[in-house]
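Side chains are part of it too, since the values below use all heavy atoms of this structure and drop only hydrogens, waters and symmetry mates.
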Amino acid sequence: MLKFIFVLTFATAIPSFAAANTIEYCRTVQDDTSRLSCYDGLPSASEPGSGPINPPFSTDWYVGVGAFGGASVNDAGNASGSSAVSIYGGRNWFDGHTMYGFEVSSQTGLASRDGASDRAQYGNINQSIWTHWSDPWPFDQFDQIDRTTSTTHQDIISPTISGRVGRQIGRTLVFGRAGAGVAVAVSERIVDDRNSRYCDGWSGFWWTDGMIYNCISSYGGTRTKDSRLTVSPLVTIGAGVEVDLDAFSVRFEGEARHTFRDSGITQWQIGTGLLRRF
């Protein structure tokens with residue numbers, strides 16, 4: 001009788017034991033620590049041809065914060081340094097070890113400035129000008145122009161939305177992403193005309209059938225500055241890895257983004273961040 005009860009109990013436990021040692025069962029475990037322990041208890045080749053079993057990232061939401069640094073190059077070829085703080089959030093879906101997802105993010109520029117400058121030089125305040133008696137007076141031709149115009153953009157916020165795809169390898173997720181958004185920036189234009197000279201007094205005398213003029217007094221230009229808020233479209237592409245730390249992940253990634261401004265700007269950045277999954 002006791003032997004019969006033991007055999008019956010053992011036979012009843014076999015299905016439960018088997019169910020508790022399958023990938024499907026482990027994926028249903030809600031607690032992260034217990035789920036990882038379940039995966040650790042699986043045979044290294046529980047599916048034919050699958051190789052070692054890797055505990056996958058779960059389908060979940062996440063939020064995070066990161067920091068970027070790199071270089072910016074505008075369409076005119078001017079380069080400058082850039083740095084930014086980024087916040088992001090999104091959702092991942094897993095089909096086996098393949099990840100699909102989306103991410104919403106925004107960067108705030110700390111020292112991300114791009115700009116273009118142009119220098120105009122012409123004229124001679126000390127020249128003598130001859131004109132025919134019927135020609136207009138050439139007094140503006142005395143102006144000696146040495147003017148520099150520069151424009152800079154300071155990013156305030158740049159929200160984007162991106163699609164993501166990746167592959168989970170062990171506790172590491174390798175991913176790529178691409179997206180679009182807008183850059184909100186303060187654009188500043190500075191015109192430095194202080195090296196220019198403008199004629200405000202002249203003298204002349206007749207020569208043959210015209211007049212010869214000379215500037216006898218002049219004044220310098222000024223420096224002016226104006227600022228405005230601009231909103232410009234941008235595109236972004238990036239790739240990186242995330243290392244699983246149970247409820248958290250550490251991210252390392254590289255990014256290229258182009259902002260379509262009057263003087264377009266391309267930023268090349270690398271960064272790191274910390275994510276919380278829930």
Would you call Asp60 and Arg276 a salt bridge, taking side-chain N to carboxylate O under 4.0 Å as the test?
-> no
Heavy atoms only: give me the nearest Asp244-Ser249 pair and the separation to one decimal.
-> CA-OG, 4.1 Å
Are the side chains of Thr222 and Arg194 in touch, meaning some heavy atoms are under 4.5 Å apart?
-> no
Geometric cation-pi criterion Arg277 and Tyr62, 6.0 Å radius, 45° cone | no
When rounded to the nearest 0.5 angstrom, what distance separates CD in Gln154 from OG in Ser227?
-> 11.0 Å
Run the numbers on Leu173 and Arg164 for side-chain contact (heavy atoms from CB on, under 4.5 Å), then give the verdict.
-> CA-CA 11 Å; Leu173 176 67; Arg164 300 207 316 156; 4.2 Å; yes
For Gly179 and Ser162, work out which heavy atoms get closest and say how close.
-> CA-OG, 3.6 Å
Verdict with supporting geometry, Ser105 and Thr160, side chain to side chain donor-acceptor pair (under 3.5 Å) = CA-CA 5 Å; Ser105 66; Thr160 61; 2.8 Å; yes
For residues Pro233 and Phe260, determine if any side-chain heavy atom of one lies less than 4.5 Å from a side-chain heavy atom of the other.
-> yes
Got more than 12 heavy atoms from elsewhere within 6.0 Å of CD1, Ile161?
-> yes
Do we see a donor-acceptor contact under 3.5 Å between the side chains of Thr224 and Arg189?
-> no
Drop me the distance from Thr131's OG1 to Ile212's CD1, to the nearest 0.5 angstrom.
-> 9.5 Å
Among the clusters formed by ILVMFWY side chains lying less than 4.5 Å apart, do Val241 and Leu274 turn up in the same one?
-> yes
With rounding to the nearest 0.5 Å, note down the distance linking CZ in Arg223 to CG in Asn195.
-> 12.0 Å
Would a distance-only check, ignoring hydrogens and angles, find a side-chain to backbone donor-acceptor pair under 3.5 Å from Thr108 to Val85?
-> no
Within the distance-only criterion (no hydrogens, no angle test), does the side chain of Asp192 pair as donor or acceptor with the backbone N or O of Arg147 below 3.5 angstrom?
-> no
Ser187 versus Thr230, side-chain donor and acceptor atoms under 3.5 Å | yes
Flag side-chain contact, heavy atom, 4.5 Å: Trp93 against Phe102 | yes
State, yes or no, whether a side-chain contact exists between Val63 and Leu275 at a heavy-atom distance under 4.5 Å.
-> no
Stepwise side chain to side chain donor-acceptor pair (under 3.5 Å) check, Ser196 with Gln144 | CA-CA 6 Å; Ser196 297; Gln144 179 174 301; over 6 Å; no
Could you tell me whether the side chain of Arg257 reaches within less than 4.5 Å of the side chain of Trp268, counting heavy atoms only?
-> no
Please examine the side chains of Asp246 and Arg171, heavy atoms only from C-beta on, and report whether any two atoms are closer than 4.5 Å.
-> yes
Please assess Tyr198 against Asp193 for the test side-chain contact (heavy atoms from CB on, under 4.5 Å), listing each intermediate value before the final yes or no.
-> CA-CA 10 Å; Tyr198 295 93; Asp193 201 31; 2.5 Å; yes
Check Met99 against Asn92 and note the closest heavy-atom contact, atom names and distance.
-> SD-OD1, 3.6 Å
Scanning both residues in full, the closest heavy-atom pair of Ala183 with Thr259 reads CB-CG2, 3.9 Å
Is there a side-chain contact between Val186 and Leu229 (heavy atoms, below 4.5 Å)?
-> yes
Taking Asp143 for the side chain and Ile145 for the main chain, is one N or O donor matched with an acceptor at less than 3.5 Å?
-> no
Residues Asp95 and Arg167 bridged, charged N to O under 4.0 Å | no
Take atom CD1 of Ile156 as the centre, draw a 6.0 Å sphere, and report whether it contains more than 12 heavy atoms from other residues, nucleotides or ligands.
-> yes
Could you state the interatomic distance from CD (Gln107) to OG (Ser158), rounded to the nearest 0.5 Å?
-> 5.0 Å
Minimum heavy-atom separation for Pro159 to Ser106, with atom names?
-> N-OG, 3.7 Å
Student check: side-chain heavy atoms of Ser86 and Phe68 closer than 4.5 Å = yes
Starting from the C-alpha separation in whole Å, work towards a yes-or-no answer on side-chain contact (heavy atoms from CB on, under 4.5 Å) for Thr149 and Ile190.
-> CA-CA 6 Å; Thr149 303; Ile190 299 175; over 6 Å; no
Looking only at non-hydrogen atoms, find the nearest pair between Val65 and Tyr88 and report the distance.
-> O-OH, 3.5 Å
Check the pair Gln168 / Glu242 against side-chain contact (heavy atoms from CB on, under 4.5 Å), numbers first and verdict last.
-> CA-CA 9 Å; Gln168 179 251 335; Glu242 292 177 10; over 6 Å; no
So, are Arg251 and Glu103 salt-bridged, with charged N and O less than 4.0 Å apart?
-> yes
Ser203 side, atom OG; Asn214 side, atom CG - distance, nearest 0.5 Å | 5.0 Å
Answer yes or no: is there an ion pair linking Arg228 with Glu188, defined by an N-O contact shorter than 4.0 Å?
-> no
Output for pair (Gln269 CD, Glu253 CD), nearest 0.5 Å, gives 9.5 Å
